[in-house]
Amino acid sequence: MRQPFGQLKVTVVQGKRLVIRDFKSSDPYVVLKLGNQMAKTKVINSCLNPVWNEEHSLSLTEPVGVLSLEVFDKDRFKADDKMGKAYLNLQPIISAARLRHLVHVSSGETPLRKIIPDSENCLARESSIICINGEVVQNVWLRLCEVESGEIELKVKIVDAPSR
(Lines give C-alpha, C1' and ligand atoms only; values in the text may rest on other atoms or scores of the structure.)
Protein backbone atom coordinates (compact mmCIF):
# COMPACT_ATOMS: atom_id res chain seq x y z
CA MET A 1 0.00 0.00 0.00
CA ARG A 2 1.23 3.49 -0.81
CA GLN A 3 1.80 5.78 2.16
CA PRO A 4 1.64 9.60 1.89
CA PHE A 5 5.01 11.27 2.31
CA GLY A 6 4.37 14.96 1.58
CA GLN A 7 4.49 17.28 -1.40
CA LEU A 8 7.15 17.53 -4.06
CA LYS A 9 7.47 21.05 -5.42
CA VAL A 10 9.24 21.01 -8.76
CA THR A 11 10.30 24.26 -10.38
CA VAL A 12 11.10 23.86 -14.05
CA VAL A 13 13.67 26.64 -14.23
CA GLN A 14 15.07 26.62 -17.77
CA GLY A 15 16.33 24.67 -20.73
CA LYS A 16 19.67 25.01 -22.52
CA ARG A 17 20.75 24.00 -26.03
CA LEU A 18 17.44 22.35 -26.90
CA VAL A 19 17.15 20.82 -30.35
CA ILE A 20 15.55 22.46 -33.39
CA ARG A 21 12.31 20.74 -34.35
CA ASP A 22 10.72 23.42 -36.54
CA PHE A 23 12.37 25.29 -39.42
CA LYS A 24 14.83 27.39 -37.37
CA SER A 25 13.79 26.91 -33.75
CA SER A 26 11.33 25.09 -31.48
CA ASP A 27 8.35 25.92 -29.27
CA PRO A 28 9.27 23.86 -26.18
CA TYR A 29 7.25 22.80 -23.17
CA VAL A 30 7.97 20.25 -20.42
CA VAL A 31 5.73 17.46 -19.14
CA LEU A 32 6.53 16.17 -15.63
CA LYS A 33 5.29 12.76 -14.45
CA LEU A 34 5.36 11.13 -11.04
CA GLY A 35 3.36 7.91 -10.84
CA ASN A 36 -0.06 8.72 -12.31
CA GLN A 37 0.33 12.49 -11.76
CA MET A 38 1.26 14.87 -14.54
CA ALA A 39 2.09 18.59 -14.81
CA LYS A 40 2.91 20.66 -17.87
CA THR A 41 4.70 23.98 -18.37
CA LYS A 42 3.56 26.70 -20.71
CA VAL A 43 4.90 26.77 -24.27
CA ILE A 44 7.78 29.17 -24.95
CA ASN A 45 7.62 30.13 -28.62
CA SER A 46 10.68 30.13 -30.91
CA CYS A 47 13.29 29.45 -28.24
CA LEU A 48 16.10 26.91 -27.77
CA ASN A 49 17.11 28.28 -24.33
CA PRO A 50 13.71 28.80 -22.68
CA VAL A 51 13.15 30.12 -19.17
CA TRP A 52 9.96 28.86 -17.51
CA ASN A 53 10.45 29.37 -13.75
CA GLU A 54 7.21 27.46 -13.19
CA GLU A 55 6.52 25.62 -9.93
CA HIS A 56 4.37 22.48 -9.90
CA SER A 57 3.22 20.44 -6.88
CA LEU A 58 3.00 16.65 -6.93
CA SER A 59 2.00 14.33 -4.09
CA LEU A 60 4.70 12.02 -2.79
CA THR A 61 3.75 8.51 -1.71
CA GLU A 62 5.91 5.62 -0.57
CA PRO A 63 7.45 3.75 -2.14
CA VAL A 64 8.84 6.84 -3.85
CA GLY A 65 9.49 6.46 -7.54
CA VAL A 66 11.21 8.46 -10.21
CA LEU A 67 10.30 11.91 -11.48
CA SER A 68 10.33 11.77 -15.25
CA LEU A 69 10.15 14.60 -17.73
CA GLU A 70 9.74 14.92 -21.44
CA VAL A 71 10.30 18.00 -23.56
CA PHE A 72 8.10 18.57 -26.60
CA ASP A 73 7.93 21.06 -29.45
CA LYS A 74 4.39 22.41 -29.80
CA ASP A 75 3.08 22.10 -33.34
CA ARG A 76 -0.12 23.64 -34.59
CA PHE A 77 -1.19 21.24 -37.33
CA LYS A 78 0.45 17.91 -36.40
CA ALA A 79 1.48 15.89 -33.36
CA ASP A 80 3.98 17.61 -31.07
CA ASP A 81 7.60 16.61 -31.70
CA LYS A 82 9.69 14.94 -29.00
CA MET A 83 12.71 16.97 -27.88
CA GLY A 84 14.16 14.54 -25.32
CA LYS A 85 13.44 13.02 -21.95
CA ALA A 86 15.13 12.61 -18.59
CA TYR A 87 14.44 11.30 -15.13
CA LEU A 88 15.42 12.06 -11.55
CA ASN A 89 15.62 9.35 -8.89
CA LEU A 90 13.86 10.85 -5.84
CA GLN A 91 15.36 8.43 -3.30
CA PRO A 92 18.40 10.65 -2.50
CA ILE A 93 16.24 13.71 -1.67
CA ILE A 94 13.82 11.53 0.35
CA SER A 95 16.75 10.11 2.34
CA ALA A 96 18.07 13.65 2.89
CA ALA A 97 14.63 14.79 4.12
CA ARG A 98 14.65 11.97 6.68
CA LEU A 99 18.22 12.87 7.68
CA ARG A 100 17.17 16.48 8.25
CA HIS A 101 14.68 15.28 10.89
CA LEU A 102 17.25 13.03 12.55
CA VAL A 103 19.87 15.74 12.92
CA HIS A 104 17.28 18.47 13.67
CA VAL A 105 18.44 20.90 10.99
CA SER A 106 16.06 23.85 10.88
CA SER A 107 17.83 27.16 10.27
CA GLY A 108 20.52 28.41 7.94
CA GLU A 109 21.87 26.46 4.99
CA THR A 110 23.21 22.94 5.58
CA PRO A 111 24.55 20.60 2.87
CA LEU A 112 23.04 17.12 3.27
CA ARG A 113 24.26 15.13 0.27
CA LYS A 114 25.99 15.32 -3.12
CA ILE A 115 25.00 13.29 -6.17
CA ILE A 116 27.44 12.89 -9.07
CA PRO A 117 26.57 12.13 -12.69
CA ASP A 118 26.88 8.45 -13.65
CA SER A 119 25.33 5.85 -15.94
CA GLU A 120 22.44 5.35 -13.48
CA ASN A 121 21.11 8.90 -13.67
CA CYS A 122 20.54 11.76 -16.13
CA LEU A 123 22.57 14.34 -14.22
CA ALA A 124 24.50 16.72 -16.47
CA ARG A 125 26.65 17.88 -13.53
CA GLU A 126 27.08 17.32 -9.80
CA SER A 127 24.01 18.13 -7.72
CA SER A 128 23.79 19.06 -4.04
CA ILE A 129 20.88 18.44 -1.71
CA ILE A 130 20.76 21.13 0.95
CA CYS A 131 18.54 22.14 3.81
CA ILE A 132 17.65 25.83 3.64
CA ASN A 133 15.80 27.07 6.73
CA GLY A 134 14.20 23.67 7.27
CA GLU A 135 13.36 22.94 3.61
CA VAL A 136 15.14 20.16 1.72
CA VAL A 137 16.06 21.39 -1.77
CA GLN A 138 17.94 19.92 -4.74
CA ASN A 139 19.04 22.03 -7.70
CA VAL A 140 19.70 19.78 -10.66
CA TRP A 141 20.64 19.93 -14.34
CA LEU A 142 19.32 16.93 -16.27
CA ARG A 143 20.81 15.82 -19.59
CA LEU A 144 18.11 15.02 -22.13
CA CYS A 145 18.27 11.49 -23.56
CA GLU A 146 17.33 10.18 -27.02
CA VAL A 147 18.19 13.53 -28.58
CA GLU A 148 21.27 15.31 -29.96
CA SER A 149 21.55 17.94 -27.21
CA GLY A 150 19.72 19.68 -24.41
CA GLU A 151 19.59 20.10 -20.66
CA ILE A 152 16.81 21.06 -18.26
CA GLU A 153 17.33 22.78 -14.90
CA LEU A 154 14.99 21.83 -12.06
CA LYS A 155 14.69 22.93 -8.46
CA VAL A 156 13.12 20.15 -6.40
CA LYS A 157 11.82 20.74 -2.87
CA ILE A 158 10.14 18.43 -0.36
CA VAL A 159 7.38 19.99 1.72
CA ASP A 160 5.71 18.45 4.80
CA ALA A 161 7.87 15.31 4.90
CA PRO A 162 7.19 13.26 8.04
CA SER A 163 10.09 12.33 10.31
CA ARG A 164 9.74 8.52 10.20
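Only a predicted model underlies this, so the values are computations on that prediction, with no experimental measurement involved. Count residues from 1 along the sequence.
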Next item on the list: Begin from the C-alpha positions of Q138 and S128 and carry the test side-chain contact (heavy atoms from CB on, under 4.5 Å) through to its verdict.
Entry: CA-CA 6 Å; Q138 181 178 14; S128 293; over 6 Å; no
Residue pair [X] / [Y], side-chain heavy-atom distance below 4.5 Å:
X    : Y    : result
L8   : S57  : no
I94  : I158 : yes
V136 : L112 : yes
I152 : L69  : yes

Margin query: Run L154 and T11 through side-chain contact (heavy atoms from CB on, under 4.5 Å) and show every step you take.
Written below: CA-CA 6 Å; L154 301 178; T11 302; over 6 Å; no
Report yes or no: does [X] contribute a side-chain atom to a donor-acceptor pair with the main-chain N or O of [Y] at less than 3.5 Å?
X    : Y   : value
W52  : K42 : yes
E153 : V12 : no
N89  : Q91 : yes
D80  : D75 : yes
S46  : S25 : no
T41  : V30 : yes
S26  : V19 : yes

Margin query: Checking D73 against Y29: is there a side-chain donor and acceptor pair closer than 3.5 Å?
Written below: no
Note to self: If we count only N and O atoms by modelled type, under 3.5 Å, do the side chains of K16 and Q14 hold a donor and an acceptor together?
What the structure shows: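 There is such a pair between these side chains.
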About how many Å separate [atom2] of [Y] and [atom1] of [X], when rounded to the nearest 0.5 Å?
X   : Y    : atom1 : atom2 : result
K74 : I44  : NZ    : CD1   : 14.0 Å
S59 : Q37  : OG    : CD    : 4.5 Å
R98 : I93  : CZ    : CD1   : 12.5 Å
M38 : N36  : CE    : CG    : 11.0 Å
E55 : K155 : CD    : NZ    : 8.0 Å
H56 : Q7   : NE2   : CD    : 13.5 Å

Does one hydrophobic cluster hold both [X] and [Y], with members joined at side-chain heavy-atom distances below 4.5 Å?
X    : Y    : value
V140 : V147 : yes
L88  : L58  : yes
I129 : V10  : yes
W141 : M83  : no

Next item on the list: Specify the closest pair of heavy atoms between P28 and L18, including all atoms of both residues, with the distance to one decimal.
Entry: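 Taking every non-hydrogen atom into account, CB-CD1, 3.8 Å.
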Note to self: Strictly below 4.0 Å, N to O, side chains only: are R143 and E151 in salt-bridge contact?
What the structure shows: no
Next item on the list: Using a strict cut-off of less than 4.0 Å between a Lys/Arg side-chain nitrogen and an Asp/Glu carboxylate oxygen, indicate whether R21 and E148 qualify as a salt bridge.
Entry: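 Salt bridge flag = yes for E148 with R21.
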Item checked: side-chain contact (heavy atoms from CB on, under 4.5 Å) between L60 and L90, intermediate numbers included -> CA-CA 10 Å; L60 280 173; L90 295 175; 4.1 Å; yes
Notebook entry, point to check: For L142, which of P117, S127, C122 qualifies under side chain to side chain contact (heavy atoms under 4.5 Å, CB included)?
Noted result: C122
Item checked: Verdict with supporting geometry, I115 and L123, side-chain contact (heavy atoms from CB on, under 4.5 Å) -> CA-CA 8 Å; I115 300 36; L123 294 181; 3.4 Å; yes
Next item on the list: Using the six-membered ring of F72, assess whether NZ or CZ of K82 lies under 6.0 Å from its centre and within 45 degrees of the ring axis.
Entry: no
